[in-house]
Undergrad: 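Below is the structure I would like to discuss, written out as structure tokens.
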Amino acid sequence: MQSIEVYVMAVAGAPSFSAMKILCTHGWLMSNLGDQWMTDIVLKVLVARGHSVAVSSRGYPNGWACEGVERLQVCTESLDVAARRHLFSEYDKIVNLPGGGLQGKDHRSVAILKDIEICSSLGIPYALAGHSIYSQIPAATLRKVSLILAREPCTAAWLRSQQVDHLETVDAAWSQEIGASTRSERTVIMLRWDGEFTSGNVSLSGSDLKIGSHTFGPFHSIIVSTSDSIRDEALGVKLARQLSASWEPCRTIDELKMIISGAAHLITDRYHPAIVAKVTGTPLSFIGSRSVRNQGLRELMGKSIEELRDSSCAGLSALGAWSSK
């Protein structure tokens, strides 16, 4: 497997002679391995450019650290406008870490839109480093963003329709090569705690598994796992008990890759586990809701791994170049 350090140096280029102070905000590092994965990649790209980088998150996993990155103990979402203006004014650029992010009136979207307005008023360049963006978001505010990486075709199409400058790319995770594991006979189920599937609409009939209107099987063995061990645990434990299966939560990105790459089949409504399955060739049933990001991910599944990796690398290269201007 290609190491992230080798990859980052390849796309970031030589360290910049115009080193910047950059603050990275709105990372969801808690226990969501997909968000951790994207964050780690973006931070390493910026550090490789020679910048002084700090990160603000609502929470950090035990032991989380990124070499060359200052970990702030303040979450920008919790600050009032005056405090945010004061914090942002200490940096040359602000990078909104990648993720689902801009969905509507949820607290995270409201905070991000406020940050854009603050940075615009201060003349500080602001980047959205890889997002799914919903049509409820005001285009007038997005036009104030210096760099937008749109991580799915449907997001890019909407931005074009609103005449918002952007680069169509894909999620940072697509840039990574993942080593193969020995394939087992286990079917892995990973379902969101807040998704449309609950223990009430998942059942096992003989060797056939029913999830909502979907039927899968027959299966030799089933395990229930997750890429977000804190938020998905209650549902995961219930499902495992109901299906007489084992509950094996992933605690690290490497564990996530190993469990999925070694599975006979992955059934999930989660974004990044689906990416791991595609990259490793694990048979995948992606049953996510009809959200913008899931619709976009389905569109991408028909592309080749090489095309997806090239698109992801192009986006990260653009972020690196923007960071040094």
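On a predicted model such as this, the values are computed, not experimentally measured, just so you know.
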Undergrad: Which pair of heavy atoms, one from Thr187 and one from Phe219, lies closest together, and at what distance?
TA: OG1-CD2, 2.9 Å
Undergrad: Excluding sequence neighbours, so at least two apart, what forms side chain to side chain donor-acceptor pair (under 3.5 Å) with Trp193?
TA: none
Undergrad: When rounded to the nearest 0.5 angstrom, what distance separates SG in Cys250 from NE2 in His272?
TA: 14.0 Å
Undergrad: Working to the nearest 0.5 angstrom, can you tell me the gap between Leu167 CG and Ile148 CD1?
TA: 10.5 Å
Undergrad: Quick one, Arg309 and Val279 - any side-chain contact, counting heavy atoms below 4.5 Å?
TA: yes
Undergrad: Looking at CG of Leu33 and CG of Asp40, how far apart are the two atoms once the value is rounded to the nearest 0.5 Å?
TA: 10.0 Å
Undergrad: Would a distance-only check, ignoring hydrogens and angles, find a side-chain to backbone donor-acceptor pair under 3.5 Å from Ser312 to Asp171?
TA: yes
Undergrad: Could you check if a side-chain atom of Leu308 sits within less than 4.5 angstrom of a side-chain atom of Leu300, using non-hydrogen atoms only?
TA: yes
Undergrad: List in chain and number order the residues that pass ring pair (Phe, Tyr, Trp, His ring centres under 6.0 Å) with Trp247, two or more places apart in sequence or in another chain; answer none if no residue qualifies.
TA: none
Undergrad: Apply side chain to side chain donor-acceptor pair (under 3.5 Å) to Gln36 and list each qualifying residue two or more places apart in sequence or on a separate chain.
TA: none
Undergrad: Any salt bridge linking Glu152 with Arg293? Criterion: basic side-chain nitrogen under 4.0 Å from a carboxylate oxygen.
TA: no
Undergrad: Under the side chain to side chain donor-acceptor pair (under 3.5 Å) test, which residues partner Asp232, sequence neighbours left out?
TA: Thr226, Arg270
Undergrad: Determine the interplanar angle of the Phe216 and His265 rings, folded into 0 to 90°, and report it as parallel if under 30°, tilted if 30 to 60°, perpendicular if over 60°.
TA: perpendicular
Undergrad: Any chance you could lay out the side-chain contact (heavy atoms from CB on, under 4.5 Å) test for Ile41 and Met38, step after step, and finish with the verdict?
TA: CA-CA 5 Å; Ile41 294 168; Met38 292 184 292; 5.8 Å; no
Undergrad: Show the nearest heavy-atom pair for residues Ser181 and Ser261, with the distance to one decimal.
TA: OG-OG, 2.7 Å
Undergrad: Just by distance, no angles: are the side chains of Arg231 and Ser31 close enough, under 3.5 Å, to form a donor-acceptor pair?
TA: no
Undergrad: For the atom pair CG (Asn96) and OG1 (Thr25), what is the distance rounded to the nearest 0.5 Å?
TA: 4.5 Å
Undergrad: Identify, with sequence neighbours excluded, every residue that meets salt bridge (charged side-chain N to carboxylate O under 4.0 Å, His left out) alongside Lys303.
TA: Glu307
Undergrad: Tell me if the NE2 atom of His214 is crowded by more than 12 foreign heavy atoms within 6.0 Å.
TA: yes
Undergrad: Dump the intermediate steps for side-chain contact (heavy atoms from CB on, under 4.5 Å) on Asp115 and Tyr126, then the final yes or no.
TA: CA-CA 9 Å; Asp115 286 358; Tyr126 189 96; 3.8 Å; yes
Undergrad: Decide yes or no for Thr76 and Leu87: does some side-chain heavy atom of the first lie under 4.5 Å from some side-chain heavy atom of the second?
TA: yes
Undergrad: Mind checking side-chain contact (heavy atoms from CB on, under 4.5 Å) for Lys325 and listing every partner two or more places apart, or none if nothing turns up?
TA: Lys93
Undergrad: Do Ser227 and Trp37 have side-chain heavy atoms sitting under 4.5 Å apart?
TA: no
Undergrad: Scan residues 183-211 for pairs that pass salt bridge (Lys or Arg N to Asp or Glu O under 4.0 Å), counting only residues two or more places apart or in two chains.
TA: Arg186-Glu248, Arg192-Asp194
Undergrad: In terms of hydrophobic clusters joined by side-chain contacts under 4.5 Å, are Leu23 and Leu122 together?
TA: yes
Undergrad: Could you tell me whether the side chain of Lys21 and the main chain of His51 form a donor-acceptor pair under 3.5 Å?
TA: no
Undergrad: May I ask you to decide if Met20's main-chain N or O and Tyr91's side chain share a donor-acceptor pair within less than 3.5 Å?
TA: no
Undergrad: Search all heavy atoms of Ala139 against all heavy atoms of Gln162 and return the closest pair with its distance.
TA: CB-CB, 3.7 Å
Undergrad: Which ILVMFWY residues can you reach from Val110 by hopping between side chains whose heavy atoms are under 4.5 Å apart?
TA: none
Undergrad: Applying side-chain contact (heavy atoms from CB on, under 4.5 Å), can you list everything that pairs with Ala111, at least two apart in sequence or on another chain?
TA: His26, Glu77, Arg84
Undergrad: Membership question, hydrophobic clusters at under 4.5 Å side-chain separation (ILVMFWY): are Phe286 and Leu256 in the same one?
TA: yes
Undergrad: What verdict does the side-chain contact (heavy atoms from CB on, under 4.5 Å) test give for Ser175 and Leu316, after you've listed the backbone C-alpha separation in whole Å, the side-chain angles of each residue and the deciding distance to 0.1 Å?
TA: CA-CA 9 Å; Ser175 67; Leu316 292 169; 3.8 Å; yes
Undergrad: For Ser323 and Gly320, indicate whether the former's side chain and the latter's backbone hold a donor-acceptor pair under 3.5 Å.
TA: yes
Undergrad: Which atom names give the shortest non-hydrogen contact between Trp174 and Ile305, and what distance separates them?
TA: CZ3-CD1, 4.4 Å
Undergrad: Heavy-atom distance under 4.5 Å between the side chains of Leu102 and Leu142, does that happen here?
TA: yes
Undergrad: Run the salt-bridge test on Glu168 and Arg160 with the 4.0 Å N-O cut-off and return the result as yes or no.
TA: yes
Undergrad: Hydrophobic clusters here meaning ILVMFWY residues chained together by side-chain heavy-atom distances under 4.5 Å, can you tell me if Val202 and Val237 are in one?
TA: yes
Undergrad: Spell out, as yes or no, whether a donor-acceptor pair under 3.5 Å connects the side chain of Ser109 to the backbone of Gln103.
TA: yes
Undergrad: How about Tyr271 and Asn294: does a side-chain donor come under 3.5 Å of a side-chain acceptor?
TA: no
Undergrad: Quick one: side-chain contact (heavy atoms from CB on, under 4.5 Å) partners of Thr169, sequence neighbours excluded?
TA: Leu149, Ser311
Undergrad: Taking all non-hydrogen atoms of both residues into account, name the closest pair between Ala263 and Val188 and its distance.
TA: CB-CG2, 3.5 Å
Undergrad: Does the side chain of Ile116 reach to within under 4.5 Å of the side chain of Ile94, using non-hydrogen atoms?
TA: no
Undergrad: Do Arg71 side-chain atoms and Trp64 backbone N/O form a donor-acceptor pair below 3.5 Å?
TA: yes
Undergrad: Is there a side-chain contact between Ile223 and Ile189 (heavy atoms, below 4.5 Å)?
TA: no
Undergrad: Looking at Leu147, Leu97, Val145, which one forms a side chain to side chain contact (heavy atoms under 4.5 Å, CB included) with Leu128?
TA: Val145
Undergrad: Listed by chain and number, what are the side-chain contact (heavy atoms from CB on, under 4.5 Å) partners of Leu204, not counting sequence neighbours?
TA: Leu209, Ile222, Leu243
Undergrad: Write down the atom of Leu46, the atom of Val95, and the distance for their closest heavy-atom approach.
TA: CD1-CG2, 4.3 Å
Undergrad: Do the side chain of Ser57 and the main chain of Gly27 share a donor and acceptor less than 3.5 angstrom apart?
TA: yes
Undergrad: Taking atom CD as the centre, does Glu67 end up with more than 12 heavy-atom neighbours from other residues, nucleotides or ligands that are less than 6.0 angstrom away?
TA: no
Undergrad: Are Pro283 and Leu266 side-chain neighbours, meaning at least one heavy-atom pair lies under 4.5 Å?
TA: no
Undergrad: Between Thr155 and Arg151 (side chain of the first, backbone of the second, donor and acceptor by atom type, cut-off under 3.5 Å), is there such a pair?
TA: no
Undergrad: Looking at residues at least two apart in the chain, or sitting in another chain, which of them share a ring pair (Phe, Tyr, Trp, His ring centres under 6.0 Å) with Phe88?
TA: none
Undergrad: Apply side-chain contact (heavy atoms from CB on, under 4.5 Å) to Val81 and Ile118, showing your working.
TA: CA-CA 8 Å; Val81 171; Ile118 292 170; 4.1 Å; yes
Undergrad: Could you check whether any side-chain N or O of Thr268 sits under 3.5 Å from a backbone N or O of Met190, counting only pairs where one atom can act as donor and the other as acceptor?
TA: yes
Undergrad: Without swapping roles, check the side chain of Ser89 against the backbone of Arg85 for a donor-acceptor pair under 3.5 Å.
TA: yes
